[in-house]
Amino acid sequence: MSALWHLNVVASYARNSKSRERREFVLPCISRFLDEVYENVDKMAQFGFENDVHSILKLDMPITNAPMARWQRKASSSNTSALSGLSPGKSANVSLSSSKTPSKTPGKNKKQTPSKMGGDRFIPIRNSKQMDVATFLLTKENEPADTNPSVTSETQKAWSVSLNGYNVEDAKILHLGGKPLNAPEGYQNNLKVLYTQTATPASIKKSRYISSTPDRILDAPDLRNDFYLNLLDWSSRNFLAVALHNSVYLWDATQGDIILLMKMEREEDYICSLAWTKEGSYLAVGTSDCKVQLWDVENQKRLRSMASHTARVGSLSWNDHILSSGSRSGHIHHHDVRVADHHISTLTSHTQEVCGLKWSPDGRYLASGGNDNLVCIWPRAQEGSAGNDSQLIRCWSEHQGAVKALAWCPWQPNILASGGGTSDRHIRIWNVNSGSCISSLDTQSQISSLVFAPNYKELVSAHGYAHNNVVVWKYPSLSKVAELNGHDDRVLSLTLSPDCSTVATVAADETIRLWKSFEMDPIKKKAKERMVKSTSSVIHQSIR
């Protein structure tokens, strides 16, 4: 309003006055007018700019000058192409599937996304946060441990949780140490497991407990410390026979009684070998005066003394009524104990002392081992025929030491185990039928005796220098099951109890130790007893 007023004043003065005073008055008015005009122009420009900004920021209103949206352009183009494709002679009912963008991939009608959970592969997400944590954990392992006592593990955990949202110590991303984290509760893996290396609960067999201490220890004073002698044997009637210098003692394992069976007349003579008959009624005794004595244990009476060897008799073995004896001369004699002329044949293949002698369970083969490092296999003795080297079936010379330890497998009659002395120390498993060595094991110790334990299908070995212990091996893998340590000197011989649950060992420390290492499971034991009773009843019925 002031600008218009000034403009009217200037106009009136211009019309009514032409003097100097009028000019002096008009000029300030014009100047003030121009200032107000400029100020109003600035205010109007600023107001217009603010209106433009407010209109742009109001996003809820339609943008009139913006380009058309993509979906609008697509819809308009499809409609246009559909309408333009109509011809005068065709129906207007045309499907919109003739548009440029097809709804399905040509030639494929099936869905490409799996319909079920658990696809054929898993694509992990490796974000930068996980990789940073992994780098931190890997570099932290190479750094020295922080010895600052002021910062506790709880404080570090609180810091980690507050900064990262979790404890960094619990993260195992690319961490090479520590145990793996357990799967979250309720987690289920839909993938099929083809195979697994870890043992499932059904395949884990409960291993039995084998005591490292003997069940009983018996004194054996004046025991002869001679590797080549066989001074211990256990009968089927549960009598344990042991030779102490020139005497034979019997220990009743059922009652615990000790019986002096015999004593040699001359003090310088000594017992060299012992062997029970299969029934356990008679005991054969080999002596240093080249004789073989036969004793009736029940009546404690000597039945006969058989002389045929020219050197001490260090090994004995029974096959029904045939008693085989091995001598230091290298000869093996077969004795028929039923007749007066007992010596029926001689086997001559060993050049040194025969220290090992064992008939197979089925009575078909006789195995002999000697100080000449040989293992020989002989056929069943033929009555009335003189034996010679032509009867020899097999002869193995792989051992590098004396072969005293021999054992036939009870459940595989054609399998023989042999053990070598200090220069050899190997257990070798032989197949008599094929003549091949099935397996060989270096025990790192002298082998003095072997026996198979049928309750668990294991092989037990007695050792001298340098371990002086007893070892239980799994057959046929020959993997070590247990070591029985307790003897202070070399173990000279071992034998198995009638029920095959206990092994007795005699050593140069003048002790006999009983190891109850092969007790059967009570359920299996009862089943075996039932089978034995049924078999015996059938035999009695056939006899009647």
Side-chain angles (χ1 to χ4, degrees), residues 214 218 220 223-234 240-244 270-275 286 312-317 326 328 350 352-358 367-375 398-408 416-430 440-453 458-473 478 480 482-496 502-515 517:
L218 304 175
L223 180 77
R224 193 172 185 86
N225 185 7
D226 193 330
F227 172 79
Y228 300 98
L229 305 184
N230 295 273
L231 306 177
L232 190 70
D233 199 17
W234 208 328
L240 183 65
V242 58
L244 303 178
Y270 55 91
I271 310 298
C272 299
S273 55
L274 299 172
R312 71 178 186 180
V313 182
S315 55
L316 296 168
S317 184
R328 177 177 271 182
H350 291 282
Q352 296 187 38
E353 182 172 10
V354 180
C355 48
L357 209 59
K358 284 290 188 323
S368 62
N371 195 29
D372 53 3
N373 309 341
L374 297 179
V375 178
E398 279 77 0
H399 285 288
Q400 304 301 316
V403 183
K404 175 194 175 186
L406 294 172
W408 290 93
L416 174 71
S418 62
T422 308
S423 302
D424 183 72
R425 303 168 298 182
H426 279 74
I427 294 177
R428 302 182 190 274
I429 308 297
W430 308 93
S440 176
L441 174 69
D442 187 359
T443 64
Q444 301 294 326
S445 186
Q446 178 191 49
I447 305 169
S448 59
S449 190
L450 289 171
V451 67
F452 278 95
E458 292 169 339
L459 180 65
V460 189
S461 59
H463 298 275
Y465 179 80
H467 295 161
N468 301 331
N469 63 351
V470 179
V471 182
V472 182
W473 311 90
L478 294 184
K480 186 180 293 185
E483 288 188 19
L484 307 179
N485 299 294
H487 285 290
D488 298 328
D489 208 334
R490 65 177 180 177
V491 184
L492 297 172
S493 185
L494 60 80
T495 182
L496 202 61
T502 306
V503 62
T505 59
V506 62
D509 58 3
E510 297 186 345
T511 62
I512 299 174
R513 298 174 187 260
L514 277 64
W515 312 85
S517 305

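FYI, side chains are in, hydrogens and waters are out, and symmetry mates aren't considered; it's all heavy atoms of this structure. Everything numeric in this text was worked out from a predicted model, so none of it was measured.
The minimum heavy-atom distance between Gly401 and Ser423, with the atom names listed, is CA-CB, 4.3 Å. The two residues Leu229 and Cys272 make their nearest non-hydrogen contact at CB-O, 3.4 Å. When all heavy atoms of Ala367 and Leu416 are compared, the closest pair comes out as CB-CD2, 3.8 Å. Scanning all heavy atoms of the two residues, the minimum distance from Ser368 to Leu406 falls at C-CD1, 3.8 Å. Across all their heavy atoms, Gly419 and Leu450 have their closest contact at N-CD1, 3.6 Å. Nearest approach of Leu484 to Ser517, heavy atoms of both residues: CD1-OG, 3.8 Å.
Going from atom CD1 of Ile429 over to atom CG of Leu459 covers 5.5 Å, rounded to the nearest 0.5 Å. Distance check, rounded to the nearest 0.5 Å: CG of Asn468 to CG of Asn485 gives 9.5 Å. Interatomic distance, CD of Glu398 versus NE2 of His426, reported as 11.5 Å (0.5 Å rounding). Rounded to the nearest 0.5 angstrom, Leu492 CG and Leu231 CG are separated by 7.0 Å. Residue Ser493 holds its OG atom at 9.5 Å from CG of Leu223, rounded to the nearest 0.5 Å. How far CG of Asp424 is from CD1 of Ile447: 7.0 Å, rounded to the nearest 0.5 Å.
Between the side chain of Ser445 and the backbone N or O of Gly464 there is at least one donor-acceptor pair closer than 3.5 Å. Side-chain atoms of Ser315 come within 3.5 Å of backbone atoms of Val354 as a donor-acceptor pair (strictly under, hydrogens ignored). Side-chain atoms of Thr502 never come within 3.5 Å of backbone atoms of Leu514 as a donor-acceptor pair (strictly under, hydrogens ignored). Checking side-chain atoms of Trp515 against main-chain N and O of Ala504 turns up no donor-acceptor pair under 3.5 Å. Between the Lys404 side chain and the Asn230 main chain, no donor and acceptor come within less than 3.5 Å of each other. Judged by distance alone, the side chain of Asp489 and the main-chain N or O of Asp509 form no donor-acceptor pair under 3.5 Å. A donor-acceptor pair is defined here as one N or O able to donate and one able to accept, closer than 3.5 Å; no such pair exists between the side chain of Thr495 and the backbone of Leu232. A distance-only check finds a donor-acceptor pair linking the side chain of Asn373 to the backbone of Ala402 [under 3.5 Å].
There is no side-chain donor-acceptor pair under 3.5 Å between Asp372 and Gln352.
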Task: Worked verdict on His399 versus Ser418 for side-chain contact (heavy atoms from CB on, under 4.5 Å) - done: CA-CA 9 Å; His399 285 288; Ser418 62; 2.7 Å; yes
Open item on the list: Under the criterion side-chain contact (heavy atoms from CB on, under 4.5 Å), I'd like the reasoning laid out for Tyr228 against Arg328: C-alpha separation, chi angles, the key distance, then a yes or no.
Closed with: CA-CA 9 Å; Tyr228 300 98; Arg328 177 177 271 182; over 6 Å; no
Task: Test side-chain contact (heavy atoms from CB on, under 4.5 Å) applied to Cys355 and Val403, step by step - done: CA-CA 7 Å; Cys355 48; Val403 183; 5.9 Å; no
Open item on the list: The test is side-chain contact (heavy atoms from CB on, under 4.5 Å); show your working for Thr422 and Phe227 and say whether it passes.
Closed with: CA-CA 11 Å; Thr422 308; Phe227 172 79; over 6 Å; no
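The side-chain tip of Arg224 points at the ring of Tyr270 from less than 6.0 angstrom away and within 45° of straight on.
Put simply, the side chain of Glu458 does not reach to within 4.5 Å of the side chain of Phe452, judged on heavy atoms. Residues Thr511 and Val506 form no side-chain contact, since every pair of their non-hydrogen atoms from C-beta on lies 4.5 Å or further apart. The closest side-chain heavy-atom distance from Val471 to Thr443 is not below 4.5 Å. Inter-residue side-chain proximity for Asn469 and His487 is flagged as unmet; no heavy-atom pair is nearer than 4.5 Å. For the pair Val470/His463, no side-chain contact is recorded, criterion being any heavy-atom separation below 4.5 Å from C-beta on. Inter-residue side-chain proximity for Gln444 and His467 is flagged as met; some heavy-atom pair is nearer than 4.5 Å.
In summary, Asp442 and Arg428 do not engage in a salt bridge, as defined by a charged side-chain N under 4.0 Å from a carboxylate O.
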